[in-house]
Amino acid sequence: MTDTTENQPIVHHWVDGAEYLSTSGRTAPVYDPALGVVTKQVALADQAEIDAVVASAKAAFPGWRDTSITRRQQVLFTFRELLASRKAELADILTSEHGKVLSDALGEITRGLEVVELATGFPHLIKGEYSENVSTGVDVYSLRQPLGVVGVISPFNFPAMVPMWFFPIAIAAGNTVVLKPSEKDPSAANWLAELFTEAGLPDGVLNVLHGDKVAVDGLLEHPDVKSISFVGSTPIAQYIYETAAKNGKRVQALGGAKNHMLVLPDADLDLTADAAINAGFGSAGERCMAISVVVAVEPVADELIEKITQRMAGLKTGDGRRNCDMGPLVTEAHRDKVAGYIDIAATDGATVVVDGRGIEVDGAAEGFWLGPTLLDNVPVTSRAYTEEIFGPVLSVVRVSSYEEGVALINNGAFGNGTAIFTNDGGAARRFQNEIEVGMIGINVPIPVPVAYYSFGGFKDSIFGSNKAYGVHGFDFFTREKAVTSRWLDPSHGGINLGFPQN
Ligand code: NAD
């Protein structure tokens, strides 16, 4: 970071293994959400800067692609060690720009580290295949090769983890990366890129381009960018998918969510209430795998709501650097939008059981606060039910049967995550078969797959069929060549215009 004349630091781009000072003249404010003040500015790229960053990644590609597997693996191992030993530094950055409590910031980094660890095993995951004698004296084999320069565009809610869903795998496979992080919390990306440089990553292999729609569109249209990996809200994900595809790029675009927890009457309601609290209010509900709707199969709703309400009374909201359970929302505008859904729900006939507006907090009065909120009897026609809220608002919808609950979930626009709480193994098994959602928890409220499985939902939660990380990640960041080979000898002589028969 470099000081401006007004002494407000600017987060600049990271290119060719060093800070790259923006000259675009455009910046956006970065807040400390718990203090409610602007602490720095982030550079917003113009076309010249987009071109410069992509050119750097393009120039680095041939050298990195041809770097031995052993050397690439050593750099990844060193990055893994550095990140594991210095994650507290990164957690401080996450909390100061996103607002999530420090323990949650550390959890985010740990989940990102899992993908780095998976990426260290890349030689096994990008191996080709070999078939000897497919025809007499003819062999066929496949090679998995990198794409070239790949673009990664990430959301505000996981400024470290979501980029790490992609760049470790892309880099392991031999690609070079341009990462465009959210302008709301941009510093984590620079910190990670600098750490990777320290680990021995050659200059230009991982670059950070800061910006807004101009930077995103620049990557979508740039002929030297071969793929786009996007995570963010559904309307933008759809736009990214369509625009990248129109420009001939490989694209994976993960969108928003509205995750339901189906509670059957035989569930342990104490454990279910604990899970609903953790999954509803962790990270102030700003998780794409947060539970935002509890679907209670009667007669459990009243008892479950009582247990959830009791637990909510013990939650401490405040500055993530203090000993709190839940931090602020990321910006004032987002806080106001989320709070607006409480009005919408009430107007549409829901009961506001616990109202998080005006909550007392352990933090500065100017912070972007909204306390945990519980709504009951939310009409499924209300925008508070149909739209993603992305804040600490948990809605309860009452149904009379398992079938009604499943139909409700399957009728929703999103299909990211869901969970069933029950002690009935048969019901859980039926649920995993019938539910139209990509990631399912059985008595697990936030079923984010571990790194060696892949992450992604259905319907409006993903555009295209490429999920993040796991085997899907290696497939996405490589392309396959099939080679048919023979070493000529006299037996191959003669003219034959047909397909070989043996
Ligand atoms: P967002 O869609 O506003 O922004 C995501 C990225 O797109 C950012 O880098 C932003 O700069 C860029 N962007 C924003 N508006 C744009 C525009 N008009 N044109 C081009 N680019 C644009 O999302 P957000 O608010 O940062 O993140 C929260 C959203 O992300 C939620 O909807 C959440 O569910 C979703 N999310 C999904 C997953 C998943 O895996 N499915 C994971 C995390 C977050």
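As the structure lists them, so they are numbered: ligands from 1, and atoms in each ligand from 1.
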- Apply side-chain hydrogen bond (donor to acceptor under 3.5 Å, both in side chains) to Glu183 and His210, showing your working. CA-CA 7 Å; Glu183 59 274 46; His210 290 292; over 6 Å; no

- Message: Under the criterion ring-ring contact (aromatic ring centres under 6.0 Å, His included), I'd like the reasoning laid out for His98 against Phe156: C-alpha separation, chi angles, the key distance, then a yes or no.
- Response: CA-CA 7 Å; His98 176 282; Phe156 82 81; 5.7 Å; yes

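A donor-acceptor pair shorter than 3.5 Å cannot be found between the side chains of Ser227 and Arg250. A donor-acceptor contact under 3.5 angstrom links the side chains of Asp51 and Gln47, judged on distance only. Donor-acceptor pairing under 3.5 Å is lacking for the side chains of Trp14 and Glu19. A donor-acceptor contact closer than 3.5 angstrom links the side chains of Ser56 and Asp16.
Listed as neighbours of ligand 1 are Ile153, Ser154, Pro155, Phe156, Asn157, Trp165, Lys180, Pro181, Ser182, Glu183, Lys213, Val216, Phe230, Val231, Gly232, Ser233, Ile236, Leu254, Gly255, Gly256, Ala257, Cys288, Glu388, Phe390, Asn416, Phe455, each bearing a heavy atom under 4.0 Å from the ligand.
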